[in-house]
Student: 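First the structure, which I've put down as structure tokens, then a few questions once you've had a look.
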Amino acid sequence: QKEVEQNSGPLSVPEGAIASLNCTYSDRGSQSFFWYRQYSGKSPELIMFIYSNGDKEDGRFTAQLNKASQYVSLLIRDSQPSDSATYLCAVSFQKLVFGTGTRLLVSP
Amino acid sequence: EPEVTQTPSHQVTQMGQEVILRCVPISNHLYFYWYRQILGQKVEFLVSFYNNEISEKSEIFDDQFSVERPDGSNFTLKIRSTKLEDSAMYFCASSRGQGATGNTIYFGEGSWLTVV
């Protein structure tokens with residue numbers, strides 16, 4: 001059984017701070033790693049994907065992957081109240097397996 | 001930007017009735033998926049579809065469920081004899097490929113199914 005684990009939160013950060021979201025996965029054969037953002041009642045929206053060990057930056061977002069530790073993280077710099085949402089980690093070999101998501105609250 | 005479209009956005013049905021949820025995947029995508037999310041729970045994989053056949057299905061996807069690509073653009077999920085526990089948001093998704101790269105999966109806005 002492939003598992004993806006996330007802390008459900010909520011993770012509360014003040015506006016302008018760095019939010020750090022973490023995820024671990026069980027299947028060492030996983031090849032692709034995704035972060036989606038989901039607002040309440042809406043569909044998952046892709047933020048970033050990462051395939052290789054190390055860091056990948058896109059604007060205010062940085063994804064980090066450590067395959068040896070089976071660990072993926074997402075850093076959000078200069079957090080904004082509009083970033084308040086649930087962040088879903090998803091891991092893929094062929095299909096996506098989602099974690100339960102971490103709820104992020106950014107206070108003004 | 002191309003997107004996955006789903007209809008209806010919300011459907012209320014009586015227990016025991018059949019429901020068909022419809023999706024139009026992104027036009028150059030080859031892999032199609034259905035996921036569901038029960039309120040307050042995580043997004044769960046139901047089925048993947050490629051080359052006009054099911055490529056993988058989860059244990060949730062039992063004989064009550066079926067998928068079809070009736071023409072070149074639509075992809076449908078049929079739920080026979082709905083149960084109360086089928087109430088959920090159903091997401092259609094598509095991707096260009098599978099495997100390590102090129103397999104970014106894009107989701108539709110979802111169809112919210114309420115079984116009463």
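Labels below follow one simple rule: chain letters A, B, ... track the order of the sequence lines, proteins then strands, and each chain is numbered from 1.
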Student: Determine the interplanar angle of the Tyr36(A) and Phe98(A) rings, folded into 0 to 90°, and report it as parallel if under 30°, tilted if 30 to 60°, perpendicular if over 60°.
Tutor: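 Rings of Tyr36(A) and Phe98(A): tilted, as their planes differ by 30° to 60°.
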Student: For Glu53(B) and Asn51(B), test the side chains for any donor-to-acceptor distance below 3.5 angstrom and give the result as yes or no.
Tutor: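 Absent: no donor and acceptor within the cut-off.
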Student: Please classify the contact of Glu109(B) with chain A as side chain, backbone, both or neither, using a heavy-atom distance under 4.5 Å.
Tutor: both
Student: Using heavy-atom distances under 4.5 Å, tell me whether Gln38(A) contacts chain B through its side chain, its backbone, both, or neither.
Tutor: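 Contact with chain B is through the side chain of Gln38(A) alone.
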Student: Determine the interplanar angle of the Phe91(B) and Phe107(B) rings, folded into 0 to 90°, and report it as parallel if under 30°, tilted if 30 to 60°, perpendicular if over 60°.
Tutor: perpendicular
Student: Out of Gln41(B), Lys42(B), Met89(B), which one racks up the most heavy-atom pairs below 4.5 Å with chain A?
Tutor: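 Counting heavy-atom pairs under 4.5 Å, the top option is Lys42(B).
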Student: Does Arg36(B) come within less than 4.0 Å of Glu44(B), counting only side-chain N to carboxylate O?
Tutor: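 Between Glu44(B) and Arg36(B) there is a salt bridge, with a charged N closer than 4.0 Å to a carboxylate O.
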Student: Who wins among Leu96(A), Thr86(A), Thr100(A) for the most heavy-atom pairs under 4.5 Å with chain B?
Tutor: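 Sorted descending by pairs with chain B, the first entry is Leu96(A).
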Student: Please give me the minimum heavy-atom distance between Val43(B) and Pro44(A), naming the atom from each residue.
Tutor: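 Looking at all heavy atoms of both residues, the shortest contact is CG2-CG, 4.3 Å.
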Student: Can you tell me which portion of Tyr31(B) sits under 4.5 Å from chain A's heavy atoms? Options are side chain, backbone, both or neither.
Tutor: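 Nothing of Tyr31(B), per the 4.5 Å heavy-atom cut-off to chain A.
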